[in-house]
Amino acid sequence: MEYASPQDDTPDDLPLQGIRVVEMTHMVMGPTCGMILGDLGAEVIKVEPPGGDRTRTLLGAGSGFFRTFNRNKKSVALDLEKPAGIEALNKLIETADVFVENFKPGRMASLGLDYATLKQRNPGLIYVSHKGFLQGPYEKRLALDEVVQMMAGLAYMTGPVGRPLRAGSSVNDIMGGMFGALGVIAALFQRTRSHKGREVQSALFENCVLLSAQHMQQYVVTGQAARPMPERISAWGIYDIFELAGGEQMFIAATGDAQWRTLCDIIGRADLLADPRLASNNDRVLARDWLIPELRNTLQGFDAAALARVFEEKSIPFAPITRPEQLFDDPHLIASGGLGRQELEDGTDTPIPLLPISLDGTRLQPRMPIPHIGEHTAEVLRELGYTEAQIHELEPAAG
């Protein structure tokens with residue numbers, strides 16, 4: 001299978017070219033922010049401890065984190081338990097436009113790396129923190145994606161009543177990093193006028209509350225609490241997963257009268273189209289208790305691939321139920337360049353999803369391999385004016 005190479009269709013002049021980002025992050029939220037800025041052309045220097053970001057060695061569900069969220073970055077390894085390591089980091093931050101961190105509350109202040117301290121050294125610095133909570137009663141709590149999904153209504157809305165269920169991806173970590181990057185870009189734009197830096201904060205809990213906002217407003221509008229998705233009162237008559245021939249599953253929707261007429265024609269159910277009890281979408285919503293089982297019985301005789309071709313031709317919303325590993329072979333992702341080729345530390349490469357945006361019709365590619373721990377330490381320190389002897393003093397600590 002052919003995937004885009006790091007050189008294919010990469011714009012020559014990326015939007016954040018010339019912006020230097022120093023990143024002290026781990027796991028998903030902070031690294032996502034740095035990845036977005038790096039994809040957009042910023043020079044992102046990831047500062048790791050001598051043994052490397054521990055996300056590199058996670059197992060199980062975390063085994064894909066590092067390679068997914070740390071592309072287009074350099075790696076500098078510094079021992080921040082030693083004064084020389086802190087001094088080198090401070091010198092590096094003095095050259096930066098942006099500093100990104102996602103450590104627990106108080107950790108940066110304990111190292112003298114809080115915004116109030118750093119802005120004295122670099123008044124133009126954009127400082128972005130990724131936390132569990134913005135300022136308020138919860139701000140000192142530790143949070144995880146799962147924690148805030150439980151707190152902010154998302155897990156309740158995802159699972160059946162009495163069985164709250166987290167979403168199947170790190171949705172708040174990823175979106176939190178995205179909002180951090182959005183804040184950085186806004187602050188950089190404002191800096192062109194003010195010539196001053198800003199402190200940006202992004203938080204998991206507030207991010208998840210935004211995801212629940214539509215359900216909060218549903219309660220305000222209707223006076224009725226939103227039901228979890230598996231037990232909701234659907235706004236659409238046909239908006240369900242159906243089993244087709246051979247046990248294949250497909251999501252099928254008909255949200256308007258034209259789609260309903262087309263669906264009935266495709267599956268040969270003129271009788272349903274003629275039924276006065278199903279004349280409008282709202283009628284079909286009220287009839288779901290008997291209508292959906294009726295459709296299930298009819299659809300189980302249809303071949304999924306053949307039905308998909310007709311649905312696409314006739315503009316019926318549909319989707320096969322796809323597993324993540326099947327996306328490597330998705331014809332749209334491949335043909336549209338949505339999967340780039342990422343070189344890894346060991347010299348092998350892997351297809352990897354790119355940012356879901358294009359610039360002048362081109363996608364933002366990985367431009368460099370995932371770095372080894374401290375791969376760019378000497379290069380960056382040299383640029384800061386360190387002599388070879390000084391670099392040698394620091395490098396053993398960098399492992």
Any non-hydrogen side-chain atom of [X] less than 4.5 Å from a side-chain atom of [Y]?
{"X": "I357", "Y": "L40", "value": "yes"}
{"X": "I391", "Y": "E388", "value": "yes"}
{"X": "L299", "Y": "E243", "value": "no"}
{"X": "L394", "Y": "L381", "value": "yes"}
{"X": "M175", "Y": "S202", "value": "no"}
{"X": "L142", "Y": "K104", "value": "yes"}
{"X": "L344", "Y": "I370", "value": "yes"}
{"X": "M24", "Y": "F103", "value": "yes"}

Check this for me: [X], atom [atom1], are more than 12 non-hydrogen atoms of other residues, nucleotides or ligands nearer than 6.0 Å?
{"X": "R163", "atom1": "CZ", "result": "no"}
{"X": "Q135", "atom1": "CD", "result": "no"}
{"X": "E199", "atom1": "CD", "result": "yes"}
{"X": "E312", "atom1": "CD", "result": "no"}
{"X": "M178", "atom1": "CE", "result": "yes"}

Does any donor atom in the side chain of [X] or [Y] lie under 3.5 Å from an acceptor atom in the other side chain?
{"X": "N102", "Y": "K131", "answer": "no"}
{"X": "D53", "Y": "T55", "answer": "yes"}
{"X": "R67", "Y": "Q342", "answer": "no"}
{"X": "T362", "Y": "D360", "answer": "no"}
{"X": "E94", "Y": "N90", "answer": "no"}
{"X": "D265", "Y": "T262", "answer": "no"}
{"X": "T298", "Y": "R269", "answer": "yes"}

Criterion side chain to side chain donor-acceptor pair (under 3.5 Å) on Q149 and D145, from CA distance to verdict: CA-CA 6 Å; Q149 288 192 40; D145 205 314; 2.7 Å; yes

Looking only at atom types and distance, does a side-chain atom of [X] sit under 3.5 Å from a main-chain N or O of [Y], one as donor and one as acceptor?
{"X": "R141", "Y": "G132", "value": "no"}
{"X": "T377", "Y": "A77", "value": "yes"}
{"X": "S75", "Y": "G374", "value": "yes"}
{"X": "D97", "Y": "R20", "value": "yes"}
{"X": "N122", "Y": "A96", "value": "yes"}
{"X": "N72", "Y": "R367", "value": "yes"}
{"X": "Y127", "Y": "L113", "value": "yes"}
{"X": "E248", "Y": "A245", "value": "no"}
{"X": "H376", "Y": "V76", "value": "no"}
{"X": "N281", "Y": "G256", "value": "no"}

Chi angles and distances behind the side chain to side chain donor-acceptor pair (under 3.5 Å) call for S280, N282: CA-CA 5 Å; S280 70; N282 284 352; 5.6 Å; no

Full working for side chain to side chain contact (heavy atoms under 4.5 Å, CB included) between L14 and L364: CA-CA 9 Å; L14 292 168; L364 300 167; 3.5 Å; yes

List the atom of [X], the atom of [Y], and the distance in Å for their closest heavy-atom pair.
{"X": "I174", "Y": "S169", "answer": "CD1-OG, 4.1 Å"}
{"X": "E206", "Y": "F133", "answer": "OE1-CA, 3.6 Å"}
{"X": "L80", "Y": "I86", "answer": "O-CG1, 3.6 Å"}
{"X": "L354", "Y": "P366", "answer": "CD2-CD, 3.6 Å"}
{"X": "K73", "Y": "M368", "answer": "O-SD, 3.4 Å"}
{"X": "P228", "Y": "G159", "answer": "CB-O, 3.0 Å"}

Can you measure from [atom1] ([X]) to [atom2] ([Y]) and round to the nearest 0.5 angstrom?
{"X": "Q390", "Y": "T387", "atom1": "CD", "atom2": "OG1", "value": "3.5 Å"}
{"X": "Q249", "Y": "D240", "atom1": "CD", "atom2": "CG", "value": "12.0 Å"}
{"X": "R198", "Y": "Y115", "atom1": "CZ", "atom2": "OH", "value": "8.0 Å"}
{"X": "I238", "Y": "L272", "atom1": "CD1", "atom2": "CG", "value": "8.5 Å"}

Criterion salt bridge (Lys or Arg N to Asp or Glu O under 4.0 Å) against K74, the qualifying member of E375, E48, E23, E43: E43

Side chain to side chain donor-acceptor pair (under 3.5 Å) evaluation trace for T255 with Q259: CA-CA 7 Å; T255 59; Q259 291 176 2; 3.2 Å; yes

Aromatic ring pairing Y138/F205, orientation class (parallel under 30°, perpendicular over 60°, tilted between): perpendicular

Mutual orientation of the aromatic rings belonging to Y239 and F251 [parallel < 30°, tilted 30-60°, perpendicular > 60°]: perpendicular

Ring centres under 6.0 angstrom apart (F302, F242): no

Shared hydrophobic cluster for L182 and L188 (ILVMFWY, side-chain gaps under 4.5 Å): yes

Same apolar cluster: L111 and L78, side chain cutoff 4.5 Å: yes

Residues F179, H130; criterion ring pair (Phe, Tyr, Trp, His ring centres under 6.0 Å); working and verdict: CA-CA 9 Å; F179 280 116; H130 299 82; over 10 Å; no

Electrostatic pair D257:R284 at N-O distance under 4.0 angstrom: yes

Worked verdict on T158 versus R166 for side chain to side chain donor-acceptor pair (under 3.5 Å): CA-CA 7 Å; T158 302; R166 68 156 289 166; over 6 Å; no

Residues R71, I352; criterion side chain to side chain contact (heavy atoms under 4.5 Å, CB included); working and verdict: CA-CA 10 Å; R71 63 174 177 249; I352 198 160; 4.1 Å; yes

Quiz item: cation-pi between R288 and W236, 6.0 Å / 45°: no

CA sep, side-chain torsions, deciding dist, call: E87, K91, salt bridge (Lys or Arg N to Asp or Glu O under 4.0 Å): CA-CA 6 Å; E87 180 183 1; K91 287 183 177 180; 3.6 Å; yes

Audit row: I45, V380, side chain to side chain contact (heavy atoms under 4.5 Å, CB included) steps and yes/no: CA-CA 9 Å; I45 300 172; V380 170; 4.2 Å; yes

